[in-house]
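Structure first, commentary second.
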Amino acid sequence: MLVSPSSPLSKDQPVEVIAAAVEKLGFRVRIGNSCRSSSPNGYAAAPPALRAADLNGGFSDPAIDAIWCTRGGSTAWQLLPLLDYACIAAHPKPLIGFSDVTTLHLAIQQRCRFVTFHGPTANGILAWENDLFSWVSLQAALEMEACLDIINPPGEVIQTLHPGRACGRLIGGNLSLVSTSLGTPWQIDAKDCILFLEDVGEDVYALEEMLWQMKYNGVLDSAAGLVFGAFTNCRNAYREEYGPEALLRDFFAGWNKPVLYNVRSAHCQPMVTLPMGTWCEVDGGMGTLRVRRPCQSKISGQ
């Protein structure tokens, strides 16, 4: 089922075209009402109640096997009080998306405790003509059995910012949205977890502010290990050569836990899909990640 929980689709990406592309991948498609609606403010795909109804209905309907968000953007936070978490928890199924969909990953993992997928939004497949990697990575995550090695696209190296080994439940997503969760009923709980963070279009000083906010709040220190994605178009207008990687190297210079950088599950193409909520093993020395699908009791025990 295609849903639009955040911003509306652009005019050059009508939902019918996206649905046809998804069907070419071998799926039967149902289009949610949120994909064909509008809102008074213009930056939300539909009124909150309608978008939430799409998600609640998508999870409760046994004929629907997965929910694929059409795009990110903004306003998914409006839906969190409107979701039927008991119903969603009783009918776990793949939820796929990233960016603003981070808000849904955080809430569903907190309240429902099953695996969701930090992967491409459905509109991204319109640019997949020369991008077999993103589709293969999504398939591998959706079909994973006991374990899965997280592999970057060719030519993209996962870098070690601090060595060490750690394991824990994989959580996180977009840095801006994760930091926005602090102080809310859906605040991220990173205790003993592997925390993944990425972002797009933020000034480097803004990235640092969010990292300090998460450090002062205790989120960073509570994590077992940190994994950073790409920080696309995140620049420093004051000193061009001091970009996101330099910031992260300095910020975590005295860290005593593994820190990895450049896992390409972010605002980039090709894109790696990460099964959030799985058990994740990080080897900072080798620069590797492996995820294991935990039993439901393991997730619930976090």
Side-chain angles (χ1 to χ4, degrees), residues 1-11 13-23 25 27-126 138 142 173-174 177-178 180-181 184-188 275-277 296:
M1 180 178 180
L2 296 178
V3 300
S4 293
S6 301
S7 293
L9 290 163
S10 60
K11 292 182 179 180
Q13 293 182 331
V15 68
E16 290 78 12
V17 173
I18 295 172
V22 174
E23 288 177 341
L25 296 175
F27 300 107
R28 290 180 291 112
V29 176
R30 183 183 299 181
I31 299 174
N33 293 327
S34 58
C35 300
R36 291 183 170 134
S37 187
S38 60
S39 64
N41 59 32
Y43 51 80
L50 191 154
R51 287 179 282 144
D54 263 2
L55 286 168
N56 289 330
F59 277 103
S60 64
D61 190 339
I64 294 172
D65 295 321
I67 298 171
W68 201 347
C69 300
T70 60
R71 66 158 295 184
S74 61
T75 72
W77 277 107
Q78 299 172 350
L79 311 187
L80 300 191
L82 306 177
L83 297 181
D84 185 344
Y85 295 103
C87 178
I88 293 172
H91 303 91
K93 60 188 65 175
L95 171 73
I96 308 166
F98 77 114
S99 193
D100 196 50
V101 184
T102 293
T103 61
L104 302 178
H105 291 308
L106 295 179
I108 289 174
Q109 285 171 28
Q110 180 198 86
R111 304 290 178 91
C112 307
R113 299 295 190 180
F114 61 80
V115 174
T116 60
F117 296 85
H118 186 271
T121 48
N123 66 339
I125 68 175
L126 299 180
L138 176 58
L142 291 171
N174 181 265
L177 277 302
V178 171
T180 299
S181 78
T184 75
W186 299 274
Q187 176 171 311
I188 190 169
M276 310 302 283
Q296 194 67 23

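Note that the structure is a prediction, hence the values are computed from the model and not measured.
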Fill in: Tyr85 vs Leu80, side-chain contact (heavy atoms from CB on, under 4.5 Å): CA-CA, chis, key distance, verdict
CA-CA 9 Å; Tyr85 295 103; Leu80 300 191; 3.7 Å; yes

Practice prompt. May I have the step-by-step check of side-chain contact (heavy atoms from CB on, under 4.5 Å) for Ile96 and Leu142, ending in yes or no?
Written response: CA-CA 10 Å; Ile96 308 166; Leu142 291 171; 4.1 Å; yes

Discussion item. Side chains of Ser38 and Pro8, heavy atoms from C-beta outward: is any pair under 4.5 Å?
Written reply: no

Worksheet item: Should Trp186 and Leu106 be marked as a side-chain contact (heavy atoms from CB on, under 4.5 Å) after you check the CA-CA gap, both sets of side-chain angles, and the distance that decides it?
Response: CA-CA 7 Å; Trp186 299 274; Leu106 295 179; 5.7 Å; no

Practice prompt. Check whether any side-chain heavy atom of Arg51 lies under 4.5 Å from a side-chain heavy atom of Thr75, and answer yes or no.
Written response: yes

Item to complete: Side-chain contact test, heavy atoms from C-beta onward, threshold under 4.5 Å: evaluate it for Ile18 versus Trp68 and give yes or no.
Response: no

Worksheet entry | Student check: side-chain heavy atoms of Leu83 and Phe59 closer than 4.5 Å | no

Fill in: Any side-chain donor near an acceptor of the partner, Asn174 and Thr102, under 3.5 Å
no

Worksheet item: Is the closest side-chain heavy-atom distance between Phe27 and Asp65 below 4.5 Å?
Response: no

Worksheet item: For atom CG of Asp61, is the number of surrounding heavy atoms from other residues, nucleotides or ligands below 6.0 Å larger than 12?
Response: yes

Practice prompt. Evaluate the ring planes of His118 and His105, with Trp represented by its six-membered ring, and classify them as parallel (under 30°), tilted (30 to 60°) or perpendicular (over 60°).
Written response: tilted

Worksheet item: Is there a side-chain contact between Ile108 and Phe114, using heavy atoms and a 4.5 Å cut-off?
Response: yes

Discussion item. Please check this pair: side chain of Thr70 against backbone of Ala122, looking for a donor-acceptor N/O pair closer than 3.5 Å.
Written reply: no

Worksheet entry | Min side-chain heavy-atom separation Leu104-Thr116 under 4.5 Å | no

Worksheet item: Does Asp54 reach the side chain of Asn33, with side-chain heavy atoms less than 4.5 Å apart?
Response: yes

